[in-house]
Amino acid sequence: MKAYGKAIKYGDNVDTDVIIPARYLNTSDPAELAAHCMEDLDKTFVKRVQKGDIMVAGRNFGSGSSREHAPIAIKASGISCIIAETFARIFYRNAINIGLPILECTEAAKEISDGDEVEIDFNRGTIYNVTTGKSYQSEPFPDFIQKIMNVDGLVGYIKNQIREG
Amino acid sequence: MGMTMTQKILAEHAGLKEVKAGQLIMAKLDMVLGNDVTTPVAINEFKRIGADKVFDRQKIAIVPDHFTPNKDIKSAEQVKKIREFSRQMGIVNFFEVGQMGVEHALLPEKGLVVPGDLVIGADSHTCTYGALGAFSTGVGSTDMAAAMVTGESWFKVPEAIRFILKGKPQRWVGGKDVILHIIGMIGVDGALYQSMEFTGEGLKHLSMDDRFSMANMAIEAGGKNGIFDVDEITLSYVKEHADKPYAIHRADADAEYTKTYEIDLGTIKPTVSFPHLPENTRTIDKVGIVKLDQVVIGSCTNGRIEDMRIAAGILKNRKVHPNIRCIIIPATQKIWKMAMNEGLFDIFVDAGAVVSTPTCGPCLGGHMGVLAKGERALSTTNRNFVGRMGDPESEVYLSGPAVAAASAVTGRISSPDEL
Ligand code: SF4
């Protein structure tokens, strides 16, 4: 699995309240949520994001509320992967469960600039900054989590389990 | 090697003799929780899995508390969806308006969580039940859906930070001040992926309501859970509220902690978090002049009966400042009724405050007190992120009920000693 896109960069402690404000939580429709993604942090996001783009951020990305609407909004807006120094744990779980690829890599998160073109090879956990020519290595997922990602999230995983009895 | 309290509960529910930090396990669940924001998404996923029944009708709790009583048509549709699902599945613990309270105040009160339990909830403040010596943590909607089908969930066994509490809190200092102090000290990711374990002789000065408000905010330090040693105070609460069997797990003497903090409760002052992060704390003597437009006393952090009593003690024979809207929200029907019977509503209403039916309401900028651009609120809730209570250009400050009530009187952030 690979991803290729331009980087959209944010800072530390991006919380789920700014990713998708509570005033839009009276719906669970992904397209509707995507239309307001990042609104309270960056009003230009929705206009400039293109399919395949890669979100890059600092520490504690996705902190706060457990709303799965946050990774759903990001995924539905076309983002193919999030790279951060660290993720808040519920967000980390939710992203895996809905099949939104995320990578922890401090160096890449610090050095990639807004607008850089980035290529990711998920199987090897490598991040390549096409603009600067620099590569980075992130921790690959543990086996169990990789299995969930391979079937596009937890629903696929549980379905397979039920099928296998 | 020894295990922490959290590790013992996880091991027991995974059917293992021992677990180690970092290990991935599958564990059985005693309770699965969802609310009106997260359950509709979980129902979509439940259907995608193709399931037609839940693992146990008794072990699921669904609480429409965020946008209820329904604030608009869309919210009404969401709640209708979870109500119909609950009926269809025969879910016993669905709490309709009239029974409903803020979920994390409601579940312990209804006796649905007891010491030693393993609970997940599609709400980040599910960590509240750690006050009872249970392992509880917030998850997302897909986790909730999978859990409703299988009765199990996957966990990475966490490391832990230990907080040894000693001494006795001063006047006007409650659990909220203690946890704000701790978050100010370690930061909003200071306990990322870890358990926060609270122990020590200082516990005897912290009531269950204090402990609930502390465990509630473990997530605000990035923690996976916050958990308290079980003592007589816990057990008398459990006896009064629950008839489920419980189990007491204590940390081994050689359990490993990434850090240990000793905290003298006697040195903590009333504490306020400034916008826009809970870690931006200042003690009450250092807040300066911060004028307010609104004061909110309620939520899963501080909407319990002791919070109501503290607020009433301060508002008695006083008036809310003319520039302030003071909104008081008892967290459950039971707390509401107690407050009414104790005469607290007379005090609130005579002071010029409003008393609302139980709801999350303003805590997440939902309804019942949303802020306009440029407005400032002091709130006993748990988050002061950008736009949390309304317009992205409004501000939220966090405190305990004593400072909140005093500030409602003066119109700016104040200590009760100033009155
Ligand atoms: S009171 Fe606030 S923090 Fe607590 S469950 Fe409701 S919205 Fe969440």
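Side chains are part of it too, since the values below use all heavy atoms of this structure and drop only hydrogens, waters and symmetry mates. None of the values given here were measured: they were computed from a predicted structure. By convention in this document, chain letters (A, B, ...) are assigned in the order of the sequence lines, proteins followed by strands, and residues within each chain are numbered from 1.
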Do Thr137(B) and Arg93(A) have side-chain N/O donor and acceptor atoms under 3.5 Å apart?
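Side chains of Thr137(B) and Arg93(A): no pair found under 3.5 Å.
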
Verify the distance criterion only: is there a donor paired with an acceptor across the side chains of Glu68(A) and Thr38(B) at less than 3.5 Å?
no

[X] versus [Y]: any side-chain heavy-atom pair under 4.5 Å?
| X | Y | result |
| --- | --- | --- |
| Met26(B) | Phe144(A) | yes |
| Arg383(B) | Asp15(A) | no |
| Asn94(A) | Thr142(B) | no |
| Val386(B) | Asp17(A) | no |
| Ser63(A) | Glu220(B) | no |

A quick test of your reading: do over 12 heavy atoms of other residues, nucleotides or ligands sit less than 6.0 Å from [atom1] of [X]?
| X | atom1 | value |
| --- | --- | --- |
| Lys71(B) | NZ | yes |
| Arg124(A) | CZ | no |
| Asn123(A) | CG | yes |

Shorter than 4.5 Å, heavy atoms on both sides: which option in [options] has the most such pairs with chain B?
| options | answer |
| --- | --- |
| Val18(A), Thr16(A), Asp40(A), Asp12(A) | Asp40(A) |
| His69(A), Glu39(A), Arg67(A) | His69(A) |
| Ala88(A), Gly64(A), Pro142(A), Ser28(A) | Gly64(A) |

Which atoms of [X] approach chain A - backbone, side chain, both or neither, heavy atom under 4.5 Å:
| X | value |
| --- | --- |
| Asn44(B) | side chain |
| Thr150(B) | side chain |
| Gln78(B) | side chain |
| Asn382(B) | neither |
| Ile49(B) | both |

Is Leu41(A) close to chain B through its backbone or its side chain, or both, or neither, when contacts mean heavy atoms under 4.5 Å?
neither

Please flag which part of Tyr92(A) lies under 4.5 Å from any non-hydrogen atom of chain B: side chain, backbone, both or neither.
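Contact with chain B: side chain only.
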
Minimum heavy-atom distance between [X] and [Y], given as atom pair plus value:
| X | Y | result |
| --- | --- | --- |
| Ile158(A) | Ala146(B) | CD1-CB, 3.7 Å |
| Arg89(A) | Leu192(B) | N-CD1, 4.3 Å |
| Ile162(A) | Val149(B) | CD1-CG1, 4.1 Å |
| Ser66(A) | Ser124(B) | OG-N, 3.3 Å |

Derivation of the side chain to side chain contact (heavy atoms under 4.5 Å, CB included) call for Asn97(A) and Trp154(B)
CA-CA 11 Å; Asn97(A) 285 343; Trp154(B) 65 271; 3.7 Å; yes

[X] [atom1] to [Y] [atom2] distance, which is reported to the nearest 0.5 Å:
| X | Y | atom1 | atom2 | value |
| --- | --- | --- | --- | --- |
| Arg23(A) | Leu364(B) | CZ | CG | 11.5 Å |
| Asn26(A) | Ile73(B) | CG | CD1 | 10.5 Å |
| Asp189(B) | Arg59(A) | CG | CZ | 4.0 Å |
| Asn13(A) | Phe385(B) | CG | CZ | 8.0 Å |
| Lys74(B) | Thr27(A) | NZ | OG1 | 5.5 Å |

In a check of side-chain contact (heavy atoms from CB on, under 4.5 Å) between Leu25(A) and each of Asp36(B), Val41(B), Val37(B), which one passes?
Val37(B)

Taking Lys224(B) for its side chain and Ile90(A) for its backbone only, find out whether a donor-acceptor pair lies under 3.5 Å.
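Absent.
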
Which of the residues Ala122(B), Ala51(B), Gly138(B) is involved in the greatest number of heavy-atom pairs with chain A at under 4.5 angstrom?
Gly138(B)

Of Asp123(B), Asp143(B), Leu24(B), the largest count of non-hydrogen pairs under 4.5 angstrom with chain A goes to Asp143(B)

